[in-house]
Amino acid sequence: MDIEGKLNDLPEWRLEGNEIRRSVTAPDFPAAIRIVDEIAVRAEELNHHPDIDIRWRTLHLALTTHDQGGLTDRDFTLAALIDDIAAKHGA
Ligand SMILES: C[C@H](O)[C@H](O)[C@H]1CNC2=NC(N)=NC(=O)C2=N1
C-alpha cells in the first residue's frame with residue numbers, strides 16, 4: 001500500500017507505527033462532542049472505528065485496522081471523512 005502517497009492527500013494526518021493520527025481542535029467543548037458524535041455515526045455506517053482521546057476541545061484521533069494489524073484503505077477513507085466533519089464544525 002502506498003501509505004506516503006495516501007498521506008499526501010491527508011496533510012493533517014501523520015503515520016505513527018501502524019496507525020495514522022491527527023488532532024482536531026474545535027471552537028469549544030460542545031463542538032468537539034458534536035464532531036465525535038458525527039464521526040460515530042459515520043464510523044458505525046462503515047463498521048470502522050477510530051480511537052478518540054477527548055481533551056477539552058481537542059480530539060486526538062488514531063486510525064488502524066485492528067483486524068488486519070495495520071493500515072488499510074478503510075483507514076484512509078474514514079480519515080478523509082473525519083477531515084470533512086472537522087472542517088464543517090469549524091475545527
Ligand atoms: C466485528 C466488527 O466488524 C469488527 O470488529 C470491526 C469493528 N470496527 C473496526 N474498527 C477498526 N478501526 N478496525 C477494525 O478492524 C474493526 N473491525
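The first residue in the sequence is number 1, and the count goes up from there. First listed ligand is number 1; within each ligand, the first listed atom is number 1. What's counted below: heavy atoms across the whole structure, side chains too, no hydrogens, waters or symmetry copies.
A salt bridge between R22 and D83 is present, with a side-chain N of the basic residue lying under 4.0 Å from a carboxylate O of the acidic one.
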Does the side-chain contact (heavy atoms from CB on, under 4.5 Å) test come out yes or no for R74 and Q68, once each step is laid out?
CA-CA 11 Å; R74 298 168 74 186; Q68 303 297 319; over 6 Å; no
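With respect to atom 7 (C) of ligand 1, the closest heavy atom belonging to the protein is N47 OD1, 3.4 Å. Atom 8 (N) of ligand 1 has H49 ND1, 2.8 Å as its closest protein atom, hydrogens excluded (heavy atom only). Of the protein's non-hydrogen atoms, D67 OD2, 3.1 Å is the one closest to atom 17 (N) of ligand 1. Given atom 11 (C) of ligand 1, the protein heavy atom at minimum distance is H66 CD2, 3.4 Å.
The shortest heavy-atom contact between G69 and N18 is O-ND2, 3.4 Å.
Listed for the R57 side chain is no donor-acceptor partner under 3.5 Å among the backbone atoms of A32. The backbone N or O of L81 lies less than 3.5 Å from no partner atom in the side chain of D84, so there is not a single donor-acceptor pair.
At a 3.5 angstrom cut-off on N or O pairs, T65 does not count as close to ligand 1. Checking only distances, D75 never comes within under 3.5 Å of ligand 1, N or O to N or O.
D73 contributes atom CG, which lies 12.5 Å from atom CG of L78 (distance to the nearest 0.5 angstrom).
Within a 4.0 Å radius of atom 2 (C) of ligand 1, the protein contributes one or more non-hydrogen atoms.
Contacts of T64 with ligand 1, taken as heavy-atom pairs under 4.0 Å, involve the backbone alone.
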